[in-house]
Amino acid sequence: MTEPKLTLLSDLTPPSLERTWLTAPHPTLPIVATCSSDKTVRIYSLTNFKLLSTITGGHKRSVRTAAWKPHVQGESVLATGSFDATVGVWRRWDSYGRSEEASGNDISNANADMDGEDVDAEDEEEWRFAVLLDGHDSEVKSVSWSPSGMLLATCARDKSIWIWEDLDDGDNNFETVAVMQEHSGDVKCVAWHPVEECLASGGYDDTIRLWREDLDDWGQVACIKKHEGTVWFVDWEGTDTVPRVEGSDAVALQSQWREQRVLSGPRLVSCSDDRTVRVWRRLPKESVQMGALSSAATGIPSIIRPTGTDETWEEDALLPHAHELAVYAVAWSRRTGLIASVGADGRIILYEERIVHPDADAMDTESEGKALLQTEWSILAVVNGAHGIYEINHAAWAKRADRGAVEDEEVLVTTADDGSVKVWTLQR
């Protein structure tokens, strides 16, 4: 049995000649957007790994971050954040061979047939700079769309988080919903929960903060203070991922694990300047749930608000130490449950979670008598010097779309200081 190995599939070509910060895979099309210090966003094909178009003219300084709006029909909507303190929203009718009836193969073939290195001016002009969101006082570090696509969260060096609502009125109007300023330093990242309107943020003050709306007002519901350095990035677990387990009882154990975690919901992974990668889990609010059940039983709606909207988050796991310098980004695959981390040491680390077979003598049991299942994380694969001598700024999972792809296979896309973007496959 061969050891799992992360293998380079291709570079995205041509690369930027300046530092590239982040790569955002499109939610449905086999394309990615990359953000560069040269003030551009480049759109590459994942079928032939060539440049499709370059978006220019919207920002006056480095483009630091980008995110695709989900659930958009017939066009692609991209939000970008820049060191010029603005957020841009770009729109483009989907003409990469896509139609409502097109199959995945049709999309891939259409992309493969395009000559990515000779995009004409007409194609470039199809990206429309729809709106400029102006409110931050300094460099915008991260943007993220809510799962519904109606809210856009942005954060910046000015220590603030803004939430904007897309009014979706046909005139590209956005309304400021909230401005949160509890962080005491640069806010480095924001990321929405995969199914709930719950926002996670991390920053220069070494904290992770969770935000929710309560009675039309957004506020902090949790503050995690366990990191000992800047929190560079956070990402959420998928709703359907389950840790790996082997043996004849694998299905039963995975089902039991789901049952025990259902009230907690998806977990959160974070990485930091302290060189650690940590996983966090929300504790169920038993008292609030019991109050709701009591109200439902009597049929009398309660006019008393729950005692606080605070949530309790605990550390679920400290992943095995593997980085010698700051960890800049983590990516939690919503298909396989693997976590990838990258950072200043130029390494790519893949981690895998496995269910530990319960000890027959386990004393830690739930009310129904089943032992609480434990998991352990291990390092699955390591790539040293993945981009030569350069720091790696970001990693993201995407569906594999080239001709060598098998069904539901993923690739890992990494982005580095030298402008290179590399696409990797995991061979087990």
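Heavy-atom basis, side chains included; hydrogens, waters and symmetry copies ignored. This is a predicted model, so every value here is computed, not measured.
In this structure, F174 has its ring center no closer than 6.0 Å to that of W164. When ring centroids are compared, W21 and H394 stay outside the 6.0 Å threshold. Between W332 and Y351, the ring centre distance reaches or exceeds 6.0 Å.
Taking the side chain as every heavy atom from C-beta outward, L319 and I339 approach each other to under 4.5 Å. Looking only at side-chain heavy atoms (C-beta outward), T154 and L133 stay at 4.5 Å or farther from each other. In this structure the side chain of V131 never reaches within 4.5 angstrom of the side chain of V87, judged on heavy atoms. By the 4.5 Å heavy-atom criterion applied to side chains, K399 and R335 are not counted as neighbours. Looking at Q254 and R244, their side chains never come closer than 4.5 Å, going by heavy atoms from C-beta outward. Looking at heavy atoms from C-beta onward, V327 lies out of side-chain contact with T276 at the 4.5 angstrom threshold. Within the 4.5 Å cutoff, the side chain of E237 has no heavy atoms near those of the V269 side chain. Inter-residue side-chain proximity for L412 and L6 is flagged as met; some heavy-atom pair is nearer than 4.5 Å.
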Item to complete: Apply the test side-chain contact (heavy atoms from CB on, under 4.5 Å) to residues F49 and T13: give CA-CA distance (whole Å), side-chain angles for both, the deciding distance (0.1 Å), then the verdict.
Response: CA-CA 6 Å; F49 311 112; T13 58; 5.5 Å; no
Test E410 against S333 for side chain to side chain donor-acceptor pair (under 3.5 Å), laying out the working first.
-> CA-CA 9 Å; E410 280 187 313; S333 168; 2.6 Å; yes
- Task: Report the C-alpha distance between V179 and Q181 in whole Å, list the side-chain angles of each, state the deciding distance to 0.1 Å, and finish with yes or no for side-chain contact (heavy atoms from CB on, under 4.5 Å).
- Result: CA-CA 7 Å; V179 179; Q181 297 177 300; 4.1 Å; yes
Does the pair V32 and L46 meet the rule for a side-chain contact (heavy atoms from CB on, under 4.5 Å), with working shown? CA-CA 7 Å; V32 296; L46 284 180; 3.7 Å; yes
### Query
Between D206 and K225, does a side-chain contact (heavy atoms from CB on, under 4.5 Å) hold up when you go through it step by step?
CA-CA 7 Å; D206 307 349; K225 298 182 178 180; over 6 Å; no
Stepwise side chain to side chain donor-acceptor pair (under 3.5 Å) test for T86 and H136: CA-CA 7 Å; T86 66; H136 285 290; over 6 Å; no
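Side chain of W377 to backbone of L318: no donor-acceptor contact under 3.5 angstrom is found. Distance alone, capped at 3.5 Å, is enough to place a donor-acceptor pair between the D345 side chain and the E324 backbone. At distances below 3.5 Å, at least one donor-acceptor pair connects side-chain atoms of S142 with backbone N or O atoms of V190. Judged by distance alone, with hydrogens and angles left aside, the side-chain atoms of W397 form a donor-acceptor pair with the main-chain N or O of A331 at under 3.5 Å. Remark: side-chain polar atoms of D418 are paired, donor with acceptor, to backbone N or O of S420 under 3.5 angstrom. One N or O on the side chain of S82 and one on the backbone of S62 form a donor-acceptor pair closer than 3.5 Å. Between the W192 side chain and the C198 main chain, no donor and acceptor come within less than 3.5 Å of each other. Listed for the T20 side chain is a donor-acceptor partner under 3.5 Å among the backbone atoms of G419. Checking side-chain atoms of Y390 against main-chain N and O of G385 turns up no donor-acceptor pair under 3.5 Å. Of the possible donor and acceptor atoms, none in the side chain of T230 sits under 3.5 Å from a partner among the backbone N and O of D273.
When all heavy atoms of V231 and S270 are compared, the pair lying nearest together is CG1-CB, 4.3 Å. The minimum heavy-atom distance linking A340 with L350 is given by the pair CB-CD2, 3.5 Å. The shortest heavy-atom contact between I392 and G346 is CD1-O, 3.4 Å. Closest heavy-atom contact between C155 and I161: CB-CG1, 4.1 Å. Closest heavy-atom contact between I379 and A322: CD1-CB, 3.7 Å. Between G149 and D166, the shortest heavy-atom contact is O-CB, 4.5 Å.
Using modelled atom types, one finds a donor on one side chain and an acceptor on the other under 3.5 Å when comparing H26 with S76. Under 3.5 Å, the side chains of S148 and H71 contain no donor-acceptor pair of N or O atoms. Judged by distance alone, the side chains of T23 and T415 do bring a donor and an acceptor atom under 3.5 Å apart. With no hydrogens or angles considered, a side-chain donor-acceptor pair links S264 and R281 at under 3.5 Å. Inspection of the S272 and E228 side chains reveals no N or O donor paired with an N or O acceptor under 3.5 Å. With no hydrogens or angles considered, a side-chain donor-acceptor pair links N393 and D417 at under 3.5 Å. Checked by atom type, the side-chain pair D38/S36 shows a donor-acceptor distance below 3.5 Å. Judged by distance alone, the side chains of T375 and E353 do bring a donor and an acceptor atom under 3.5 Å apart. H227 and T207 share no donor-acceptor pair across their side chains, judged by distance under 3.5 Å alone. Side-chain atoms of E259 and W257 include no donor-acceptor pair closer than 3.5 Å. For the 3.5 Å distance criterion, the side chains of T80 and W90 qualify, holding a donor opposite an acceptor. Between the side chains of T176 and W162, no donor-acceptor pair is found at a separation under 3.5 Å.
Atom CZ of R157 has 12 or fewer neighbouring heavy atoms from other residues, nucleotides or ligands inside a 6.0 Å radius. By the 6.0 Å contact criterion, CZ on F83 is enclosed, its count of non-hydrogen atoms from other residues, nucleotides or ligands being greater than 12. Other residues, nucleotides and ligands place no more than 12 heavy atoms under 6.0 Å from the NZ atom of K39. Enclosure of atom CD in E315 by more than 12 non-hydrogen atoms of other residues, nucleotides or ligands within 6.0 angstrom is indicated.
Taking OH of Y44 as the reference point, atom OG of S53 lies at 10.5 Å (rounded to 0.5 Å). Once rounded to the nearest 0.5 Å, the distance linking CG of L253 with CD of E246 reads 12.0 Å. Interatomic distance, CG of L283 versus OG1 of T312, reported as 5.5 Å (0.5 Å rounding). To the nearest 0.5 Å, the span separating CZ on R64 from NZ on K188 amounts to 7.5 Å.
The pair R354-E352 meets the salt-bridge criterion, since a charged nitrogen lies less than 4.0 angstrom from a carboxylate oxygen. A salt bridge does not link R400 with D408: every distance from a Lys NZ or Arg NE/NH1/NH2 to an Asp or Glu carboxylate oxygen is 4.0 Å or more. Under a 4.0 Å N-O distance rule, the pair E139/R61 qualifies as a salt bridge. Note on K141 versus D186: salt bridge recorded, some NZ/NE/NH1/NH2 to OD/OE distance being below 4.0 Å.
When each of Q220, H193, E196, E197 is tested with R212 by the rule side-chain hydrogen bond (donor to acceptor under 3.5 Å, both in side chains), just one qualifies, namely E196.
Under a cutoff of 6.0 Å and an axis angle of 45°, R282 and W280 do not form a cation-pi pair.
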